[in-house]
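As the structure lists them, so they are numbered: ligands from 1, and atoms in each ligand from 1.
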Amino acid sequence: MAGWRVLDPIAAAIVGFMVARMGRTFGWDALQDLSDRALDLAETDKLRVLLTSTPGVRDVHELRTRKMGDLAIVDAHILVDPLISVSEGHYIAESARARLLRNTRVFDALIHVDPENDQINPPPGRMPTRSAVDDAVSALLGAHGLTYNALNLHYLSSGFDIDVTLPADLSDD
Ligand SMILES: [Zn+2]
């Protein structure tokens, strides 16, 4: 209207460029949400703190998140005292999972319990099975006319430990 007709297509080109750029940004984000993507680092660090602050958890590794729309599925390895019972390890893992689920972004979580950091200490290779240990210990004790009440086996990278619980009514011999 002012007589500068050339400004019309220039303004149209600028607006067109802005619309195209916005479309590309939204399109890319939507595409990322449809494919597998992890939560951002700040969000992942919050989850790590939730796990490490759980009583009984010594450390966390292999913390992985996978976004499902706005929510995320989490899986993690927690390190616990290697000599506690299976039920205590399970209790600690369930407590850690419950803490994660309190975060509104977490849809589900799978917690794996490690007696040792398996990134540093690979799981021990060939170790005797419980039935082999049972046979050996029973034979040794049997030679002295003894039996046992319980066997507790610890498969660790530092070695293979066997706890033998004897009946309480044994004499000191
Ligand atoms: Zn692990």
Side-chain angles (χ1 to χ4, degrees), residues 25-141 146-168:
T25 307
F26 287 143
W28 179 250
D29 280 351
L31 206 67
Q32 293 289 304
D33 279 350
L34 284 175
S35 58
D36 279 356
R37 193 167 63 155
L39 288 177
D40 60 41
L41 278 178
E43 203 74 40
T44 308
D45 278 343
K46 277 190 216 163
L47 300 181
R48 187 183 301 279
V49 169
L50 282 177
L51 289 173
T52 50
S53 62
T54 307
V57 174
R58 290 180 166 180
D59 201 9
V60 174
H61 61 274
E62 290 192 34
L63 172 57
R64 293 181 294 193
T65 61
R66 207 174 71 204
K67 276 178 78 173
M68 265 191 12
D70 279 341
L71 301 176
I73 294 178
V74 181
D75 67 69
H77 290 205
I78 57 169
L79 191 67
V80 300
D81 181 340
L83 300 185
I84 60 175
S85 67
V86 174
S87 64
E88 186 179 354
H90 180 253
Y91 177 77
I92 293 170
E94 284 299 317
S95 310
R97 179 170 178 270
R99 281 174 181 243
L100 284 184
L101 292 179
R102 265 185 248 152
N103 182 305
T104 51
R105 298 291 301 276
V106 177
F107 171 69
D108 198 9
L110 180 70
I111 309 292
H112 174 92
V113 178
D114 277 341
E116 297 176 295
N117 187 331
D118 42 22
Q119 287 179 321
I120 302 168
N121 305 300
R126 297 179 62 186
M127 295 273 199
T129 60
R130 172 168 280 272
S131 68
V133 175
D134 182 13
D135 290 348
V137 172
S138 296
L140 280 169
L141 291 177
L146 301 170
T147 56
Y148 67 82
N149 269 0
L151 269 186
N152 210 357
L153 311 181
H154 303 287
Y155 295 86
L156 300 170
S157 61
S158 55
F160 181 53
D161 288 347
I162 307 173
D163 296 339
V164 183
T165 309
L166 299 175

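- Taken to the nearest 0.5 Å, the NZ atom of Lys67 stands 4.0 Å off from the CZ atom of Arg37.
- When the Zn ion (ligand 1) is compared with the N/O/S atoms of Asp114, atom OD2 turns out nearest.
- None of the N, O or S atoms belonging to His112 lies under 2.8 Å away from the Zn ion (ligand 1).
- Sparse packing is recorded around CG of Asp70, with 12 or fewer heavy atoms of other residues, nucleotides or ligands lying under 6.0 Å away.
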task: Please report the C-alpha distance between Arg48 and Asp45 in whole Å, then the side-chain angles of each, then the deciding distance to 0.1 Å, and finally whether the side chain to side chain contact (heavy atoms under 4.5 Å, CB included) criterion is met.
output: CA-CA 5 Å; Arg48 187 183 301 279; Asp45 278 343; 4.1 Å; yes

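- The closest approach of Asp118 to the Zn ion (ligand 1), by N/O/S atoms, is made by OD1.
- Closest N/O/S atom of His77 to the Zn ion (ligand 1): ND1.
- Taking the six-membered ring for Trp and thresholds of 30 and 60 degrees, His61 and His77 have ring planes more than 60 degrees apart, a perpendicular arrangement.
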